[in-house]
Colleague: 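Let me begin by handing over the structure; questions about it come next.
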Amino acid sequence: MDFEQFEHGADVGVRGFGATPAEAFEGAAQALFALLVEEPSRVRARVEEQLQVEAADLEELLVAFLNELISLADTRRLVFGRFQIEISGGFSKPFRLTARVQGEPFDPERHEFTVVPKGATYTALRVARDGERWVAQCVVDV
């Protein structure tokens with residue numbers, strides 16, 4: 001999974017890459033949780049959650065998905081490291097994202113974070129094909 005973070009004023013941008021929009025969304029989720037844990041791929045799969053979001057387009061779908069993850073992590077005190085995403089819809093139907101996410105309870109002794117994400121925003125929002133791969137990015141309010 002390919003992801004990165006980028007600076008944006010006082011906030012942080014998250015960016016994921018993949019062969020499909022779903023893979024790019026998985027990378028964006030990894031970048032989001034890399035704010036909370038040094039390596040999201042090392043988060044243990046002790047808890048599994050299912051979630052579903054809908055939106056009119058892929059950009060709004062990314063913001064809705066990341067905000068759902070932030071809310072779930074905050075209310076349940078969880079960190080996630082594994083994401084399996086399916087995206088359907090489009091054309092005259094809303095886009096629908098169905099995800100299975102796995103993680104574990106936040107443990108300050110194991111999960112060192114630098115910032116706490118408050119919400120995904122529409123700033124620098126982009127979901128598009130970029131050459132051979134897809135990119136999914138936005139700025140996260142911290």
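Everything numeric in this text was worked out from a predicted model, so none of it was measured.
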Colleague: The criterion is side chain to side chain donor-acceptor pair (under 3.5 Å); which residues satisfy it with Gln102, sequence neighbours excluded?
Modeller: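 Listed in chain order: Glu48.
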Colleague: Applying side chain to side chain donor-acceptor pair (under 3.5 Å) as the test, list every pair that has at least one member in residues 79-96; sequence neighbours left out.
Modeller: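 Side chain to side chain donor-acceptor pair (under 3.5 Å) check on residues 79-96 returns Glu54-Arg96, Gln84-Arg100.
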Colleague: Just wondering, do Val142 and Val116 contact through their side chains at under 4.5 Å, heavy atoms?
Modeller: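 A side-chain contact under 4.5 Å is absent here.
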Colleague: Please give me the minimum heavy-atom distance between Ile85 and Ala22, naming the atom from each residue.
Modeller: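 Result for this residue pair: O-CB, 3.5 Å.
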Colleague: Passes side chain to side chain contact (heavy atoms under 4.5 Å, CB included), Leu97 versus Leu51? Steps please.
Modeller: CA-CA 8 Å; Leu97 178 147; Leu51 57 98; 4.2 Å; yes
Colleague: Quick one: ring pair (Phe, Tyr, Trp, His ring centres under 6.0 Å) partners of Phe80, sequence neighbours excluded?
Modeller: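 Checked Phe80 against ring pair (Phe, Tyr, Trp, His ring centres under 6.0 Å); matches are Phe33.
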Colleague: Could you pull out all residues at least two apart from Glu109 that satisfy side chain to side chain donor-acceptor pair (under 3.5 Å)?
Modeller: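 With neighbours one apart ignored, the set is empty.
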Colleague: Which atoms form the tightest heavy-atom contact between Pro117 and Leu36, and what is the distance?
Modeller: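 Residues Pro117 and Leu36, closest heavy atoms: CD-CD2, 4.0 Å.
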Colleague: From His111 NE2 over to Leu78 CG, what is the distance, rounded to the nearest 0.5 angstrom?
Modeller: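 So the gap between those two atoms works out to 10.0 Å.
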Colleague: Name the atoms and distances for all side-chain donor-acceptor pairs under 3.5 Å in residues 124-133, with sequence neighbours left out.
Modeller:
{"residue": "Arg133", "atom": "NH1", "partner": "Asp2", "partner atom": "OD2", "Å": "3.3"}

Colleague: Tell me the closest heavy-atom pair linking Ile70 and Gly119, and the distance in Å.
Modeller: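 So the minimum-distance heavy-atom pair works out to CD1-CA, 3.7 Å.
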Colleague: Kindly write out the residues that satisfy ring pair (Phe, Tyr, Trp, His ring centres under 6.0 Å) with Phe95, not counting sequence neighbours, or none if the list is empty.
Modeller: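 Phe95 satisfies ring pair (Phe, Tyr, Trp, His ring centres under 6.0 Å) with no other residue.
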